[in-house]
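These numbers come from the heavy atoms of this one structure, side chains and all, not from hydrogens, waters or symmetry mates.
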Amino acid sequence: MQQDILINWSPQETRVAVVENGAVQEMHIERTLERGLVGNIYLGKVSRVLPGMQSAFIDIGLERAAFLHVADVWQRHEGGEHPAVVRKTEALVPIEKQVFEGQALMVQVIKDPIGTKGARLSTQISIAGRLLVFLPQDDHVGVSQKIPVAERDALRARLQALVGDKSTGGGGGFILRTNGEDASDAELAEDIAYLRKTWARIREAATRQPPGSLLHQDLDLLQRVLRDLVSEQTQTIRLDSMEQFQRLRTFGQEYMPAAVGRLQHYKGERPIFDLYGIDEEIARALGRRVDLKSGGYLIVDQTEALTTIDVNTGGYVGARNFDDTIFKTNLEAAQAIARQLRLRNLGGIIIVDFIDMAREDHQHAVLSEFRKQLARDRVKTMAGGFSQLGLVEMTRKRTRESLAHMLCEPCSQCQGSGQVKTARSVCYDILREILREARQFNPREFRVIASPRVVELFLDEESQHLAGLSDFIGKPISLQAESVMGQEQYDIVLL
């Protein structure tokens with residue numbers, strides 16, 4: 001699999017597209033004024049403890065208070081075990097016995113604010129480096145699960161020796177990242193020293209900064225491209241800004257020297273995203289309907305609670321019989337859905353409604369293909385089997401806003417419902433409102449100010465009802481069209 005990373009930079013935003021075998025698989029967008037918060041470390045202040053929810057609200061200087069659950073409160077453990085391992089066997093200490101209102105607390109953002117929810121926090125601090133993740137409060141030494149099992153013990157032994165080396169300062173736990181598998185001892189020791197120095201700077205800042213202060217900010221998107229997105233399959237990293245290319249190369253030479261050789265400054269006359277039609281892919285990723293090559297299509301509906309994906313055969317009739325048509329459509333849909341999840345960055349609970357298949361071997365083949373495609377996702381996913389209703393339930397870890405939530409906002413007319421009242425329904429609302437007002441007030445005249453479509457309907461098909469109401473209340477009713485008004489908007493002015 002060949003992977004290329006294209007970066008379109010401008011002063012207002014950075015856009016990154018991950019292209020695999022010529023098709024866009026992922027989009028990452030970071031706006032200068034809207035940088036994500038995940039990884040940031042703050043000195044927070046406990047504003048409220050909720051024992052019933054086993055959680056607390058923490059003021060970290062943002063518009064909304066952040067959320068800390070008891071499962072994310074760090075506790076010291078004996079034996080150097082990773083907290084996630086110990087948590088499975090130990091009962092959690094109630095949150096009201098661990099934090100109190102007014103307490104200053106060092107916290108780290110593990111989920112960006114999404115919708116109406118504030119950021120989610122943890123007191124388990126972790127700092128990502130080029131090759132390692134540093135856990136300053138623990139002594140655990142681990143290895144990424146993506147590294148083959150046969151190599152983990154040897155790598156863990158090497159890392160433990162380096163971590164215990166007095167010359168690197170001592171203390172803290174470390175997890176070896178996937179890209180550190182082939183690193184030399186010198187490179188690992190350098191990363192250990194850098195991470196411990198960063199932690200010392202954070203601790204020092206916590207002693208002199210007031211609550212609500214930012215103590216440490218994670219890398220920006222350009223730098224995270226080298227740290228998180230580059231893999232063995234990455235062929236090129238093309239960036240269309242010379243200034244940012246030089247900045248990224250300087251950063252890469254210090255922290256990611258293996259990736260620097262893949263960096264290229266794009267000098268073409270065409271915008272870099274035009275090379276693979278990426279802007280058109282973004283536009284399609286914001287729509288409900290996704291057309292499949294076979295003639296079938298997907299319908300993607302995203303809500304705050306969950307995302308539903310419906311598979312339809314559409315105009316596909318290419319197979320020999322109906323069962324084969326359904327099977328081939330579902331197979332193609334399994335690949336397309338996995339790609340859409342990455343491209344749109346959909347997270348949380350996802351319900352997939354494949355077309356009903358009568359044969360069990362077809363169900364197993366579709367599910368196997370779906371899980372195979374999900375395995376390529378760098379974000380953690382988990383998919384169940386077919387339910388009794390023929391649905392596949394799955395989850396995908398959500399740490400930031402989806403592409404649609406980042407680029408779009410609710411419609412001012414329908415307020416995000418996806419539909420508006422018909423002009424006739426609005427007419428009848430207006431007639432009822434005039435009757436209600438006439439019973440309370442005695443104006444000389446009622447004037448209706450509404451959208452052109454509503455006024456046009458009153459002058460045409462609903463004119464008899466309007467005239468009848470005017471006779472009934474004994475007052476004239478005049479009409480005024482306002483093009484700036486939405487179809488559901490209207491005012492009734494008493495003259």
Side-chain angles (χ1 to χ4, degrees), residues 36-62 64-128 133-145 172-175 177 199 202 206 211 215-216 218 304-306 347-350 378-384 393-401:
L37 306 177
V38 172
N40 288 1
I41 299 173
Y42 294 86
L43 184 62
K45 184 177 182 180
V46 180
S47 58
R48 193 176 175 194
V49 180
L50 305 172
M53 294 176 60
Q54 281 300 294
S55 58
F57 288 111
I58 314 292
D59 179 11
I60 58 174
L62 302 179
R64 291 192 297 271
F67 179 81
L68 174 67
H69 189 263
V70 66
D72 298 313
V73 178
W74 174 80
Q75 299 176 46
R76 179 170 295 280
H77 303 288
E78 299 299 326
E81 282 286 358
H82 191 274
V85 176
V86 178
R87 194 173 293 146
K88 294 177 182 178
T89 57
E90 275 189 10
L92 295 172
V93 178
I95 195 165
E96 63 270 24
K97 294 185 178 181
Q98 300 189 66
V99 301
F100 55 87
E101 291 187 14
Q103 178 184 4
L105 206 61
M106 187 186 295
V107 290
Q108 185 168 35
V109 178
I110 56 176
K111 277 191 180 180
D112 277 330
I114 296 176
T116 58
K117 300 175 183 176
R120 181 160 179 170
L121 305 175
S122 173
T123 60
Q124 166 73 49
I125 305 299
S126 65
I127 307 170
V133 175
F134 183 38
L135 307 172
Q137 300 144 305
D138 290 289
D139 298 321
H140 172 76
V141 173
V143 177
S144 168
Q145 292 186 353
F174 290 86
I175 297 175
R177 300 179 62 151
W199 173 238
I202 293 169
L215 303 178
H216 172 76
D218 197 19
E304 187 169 349
L306 52 81
I349 300 171
I350 299 160
R378 71 179 76 252
V379 176
K380 184 179 179 181
T381 60
M382 184 177 67
E393 300 172 3
M394 65 164 291
T395 60
R396 185 174 186 269
K397 187 176 180 182
R398 177 168 56 188
T399 58
R400 57 188 173 93
E401 294 275 20

**OP:** Just do the side-chain contact (heavy atoms from CB on, under 4.5 Å) check on F100 and V46 with the steps written out, would you?
**Re:** CA-CA 7 Å; F100 55 87; V46 180; over 6 Å; no
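- In this view, S144 and T178 satisfy the side-chain hydrogen bond (donor to acceptor under 3.5 Å, both in side chains) rule, not counting sequence neighbours.
- Scanning both residues, P94 and V70, for their nearest heavy atoms gives C-CG2, 4.4 Å.
- In this structure, the separation between CE on M382 and CE on M394 is 9.0 Å, given to the nearest 0.5 Å.
- Counting heavy atoms from C-beta on, the side chains of I110 and L121 never come closer than 4.5 Å.
- Put simply, the side chain of Q98 does not reach to within 4.5 Å of the side chain of T123, judged on heavy atoms.
- Heavy atoms only, all atoms of each residue included: G172 and F134 are closest at CA-CE1, 3.6 Å.
- In this structure a side-chain-to-backbone donor-acceptor pair under 3.5 Å is missing from Q137 to Q124.
- Residues forming a side chain to side chain contact (heavy atoms under 4.5 Å, CB included) with D218 (at least two apart in sequence, or on another chain): N40, R224, R227.
- For the pair D138/W74, a side-chain contact is recorded, criterion being any heavy-atom separation below 4.5 Å from C-beta on.
- Of all heavy-atom pairs between L215 and I202, the closest is CB-CG2, 4.1 Å.
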What pairs of donor and acceptor atoms, side-chain ones from residues 48-59 against any protein atom, are under 3.5 angstrom apart with sequence neighbours left out?
| residue | atom | partner | partner atom | Å |
| --- | --- | --- | --- | --- |
| Q54 | OE1 | I95 | N | 2.9 |
| Q54 | NE2 | P51 | O | 3.0 |
| Q54 | NE2 | E96 | OE1 | 3.0 |
| D59 | OD1 | G61 | N | 2.9 |

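- Considering only heavy atoms from C-beta on, L37 stays 4.5 Å or farther from I60 through its side chain.
- Remark: R64 engages P113 in a side chain to side chain contact (heavy atoms under 4.5 Å, CB included) (not counting sequence neighbours).
- Evaluation of the salt bridge (charged side-chain N to carboxylate O under 4.0 Å, His left out) test over residues 115-127, restricted to residues two or more places apart or in two chains, returns D72-R120.
- Here the side chains of E401 and D112 are not in contact, with every heavy-atom distance at 4.5 Å or above.
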Subject >> Derivation of the side-chain contact (heavy atoms from CB on, under 4.5 Å) call for I350 and T381 >> reply: CA-CA 10 Å; I350 299 160; T381 60; over 6 Å; no
**OP:** Mind running side-chain contact (heavy atoms from CB on, under 4.5 Å) on I41 and M106 for me, showing each step along the way?
**Re:** CA-CA 7 Å; I41 299 173; M106 187 186 295; 3.7 Å; yes
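- Residues A104 and L43 share a closest heavy-atom pair of CB-CD1, 4.5 Å.
- Not counting sequence neighbours, the partners of S126 by the side chain to side chain contact (heavy atoms under 4.5 Å, CB included) test are Q108, V133, L135.
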